[in-house]
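Some notes on the structure that comes next.
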2 protein chains.
Amino acid sequence: MSKDASLKFHMNLGMLIRSAHNSMTERFVQNVFNSGLDISMDQWMVLGPIWQLESPSQKDLGEICLRDKPTITRIIDSLEDKSLVVRVSDQIDHRIKRVVLTKAGKQLFYDVLPIMEKTREEVRGEISEQEIEIFKNVLSKIIKNLNS
Amino acid sequence: MSKDASLKFHMNLGMLIRSAHNSMTERFVQNVFNSGLDISMDQWMVLGPIWQLESPSQKDLGEICLRDKPTITRIIDSLEDKSLVVRVSDQIDHRIKRVVLTKAGKQLFYDVLPIMEKTREEVRGEISEQEIEIFKNVLSKIIKNLNS
DNA sequence: TTTTTTTGGTTGCATTTGCAACTAAAAAAT
DNA sequence: ATTTTTTAGTTGCAAATGCAACCAAAAAAA
């Protein structure tokens, strides 16, 4: 077995993925900070879907954001602390809590949107649309491969 | 601005990346466990390069694994606790500590290798070689875009 | 109708991380 | 030759994460 053969792929892939992910969030946070705003990547990741879906349950958010229940609970807690969202019990199913943006939450969302856009540009650089498509596709496939 | 336009890319990308990464490590850990072995993904990620590079410094490992110094320190600590590696001060530069596999470390490496290989297969599934290449390429580009 | 199971969400705890401060040694500057 | 700066690695602490146990409401089974 040659020293650099079988190792390469898997290890590098894992390391690359983590590193890319870290760099992306780091850059986003930095851009947000530079704009004088205050929201973490995790919070933003949840804020978007809340805006998009109007008043999703926490379960919905978990599924969309691919995060577990406690994590969602805590992120929503933090957003609520900042008065960006409120929790509203569902009228018919009292287990469900729907998350709704406050006025401040909507405002922040609109303020952060261009920063997200800018970060997106920086992340993508010269990478072609087609490559990005394949990239996302492979990610989805990997996730599917491992959850079935 | 349409409700699902500008959001999609960045958010999904971040979420997809994290999720894929999580699933991968989770599967690896599970496969390792099922084989009755005992090593975490992080430890494995470092063990490989140590084997490959013979006696890298911790700095080397950090650069290759794309992790910061404290993280490497702690992973090496944990490997040393398990007697899989030892730290050896560099003869000429006393700041540098070189990390060397013990006999047990080498053995574990060889034992885990096929599990890593199996995990790799599971992760890849039906994804073509070409797609994987582009995938890795995009990851590298993203990292480069954000560190320059 | 009562009991059991499932579902949505929360809490607590142990582990991991991320950062900044710190030590010790080497290199560079004075 | 002494001081300053840089480099390699460690430590400590605050925040984030993952997991399992938990509660309360709804659905299914008895």
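So that the names make sense, note that chain A is the first sequence line, chain B the second, and so on, each numbered from 1. Worth saying up front: this structure is predicted, and the values here are computed from it rather than measured.
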Which nucleotide sits closest to the side chain of A:Pro70: C:dT10, C:dC19, C:dG8? C:dT10
Look at the side chain of B:Arg98 and the backbone N and O of B:Ser89, then say whether any donor-acceptor pair between them is shorter than 3.5 Å. no
Could you give all pairs that pass the ring-ring contact (aromatic ring centres under 6.0 Å, His included) test and reach residues 127-148 of chain B, with sequence neighbours left out? A:Phe135-B:Phe135
Rounded distance (Å) that lies between atom P of C:dA25 and atom NZ of B:Lys97: 10 Å
Could you state the atom-to-atom distance from NE2 of A:His21 to P of C:dG18 in whole Å? 11 Å
OP1 or OP2 of C:dT10 less than 4.0 angstrom from a side-chain nitrogen or oxygen of A:Thr73, does that happen here? yes
Does the side chain of B:Thr71 pick up a donor-acceptor pair with the side chain of B:Asp68 at under 3.5 Å? yes
Whole Å only: how far is the CD1 atom of A:Ile72 from the C1' atom of C:dT10? 13 Å
Identify whether any heavy atom of B:Leu61 sits under 4.0 Å from a base atom; if not, whether one sits that close to sugar-phosphate; answer base, sugar-phosphate or nothing. nothing
Give me the first and last nucleotide of DNA chain D, going 5' to 3', that has any atom under 4.0 Å from a heavy atom of chain B. D:dT7 to D:dG12
Rounded to the nearest Å, what distance is computed from the CG atom of residue A:Asp77 to the P atom of nucleotide C:dG12? 12 Å
Assign each of B:Arg74 and A:Asp42 to its nearest nucleotide of DNA chain D by heavy atoms, then name whichever residue's nucleotide is nearer the 5' end. B:Arg74
Within this structure, what is the CD-to-C1' distance between A:Glu80 and C:dT10, rounded to whole angstrom? 13 Å
What nucleic acid atoms does A:Ser57 come within less than 4.0 Å of, heavy atoms only: base, sugar-phosphate, or nothing? sugar-phosphate
Verify whether one side chain among A:Asp60 and A:Ser57 offers a donor that lies under 3.5 Å from an acceptor in the other. yes
What does A:Arg18 touch in the nucleic acid at a heavy-atom separation under 4.0 angstrom: a base, only the sugar-phosphate, or nothing? nothing
Say whether B:Val88 and B:Val99 are linked into one hydrophobic cluster, either directly or through other cluster members, by side-chain heavy-atom distances under 4.5 angstrom. no
Phosphate contact (C:dT10 OP1 or OP2) by A:Arg87 side-chain N/O below 4.0 Å: yes
Can A:Glu133 and A:Asn137 be counted as having a side-chain donor-acceptor contact under 3.5 angstrom? no
Rounded to the nearest Å, what distance is computed from the CG atom of residue B:Asn22 to the C1' atom of nucleotide C:dT16? 13 Å
Without decimals, in angstroms, what is the distance between A:Arg98 CZ and C:dG9 P? 8 Å
Contact class for A:Arg67 (heavy atom, under 4.0 Å): base, sugar-phosphate, or nothing? sugar-phosphate
Taking atom C1' of C:dA21 as reference, at what distance in whole Å does atom CG of B:Asp68 sit? 14 Å
Within the modelled atom types, does a donor on one side and an acceptor on the other bring the side chain of A:Lys69 and the base of C:dG9 under 3.5 Å apart? yes
Which of parallel (below 30°), tilted (30 to 60°) and perpendicular (above 60°) describes B:Trp51 and B:Phe109? parallel
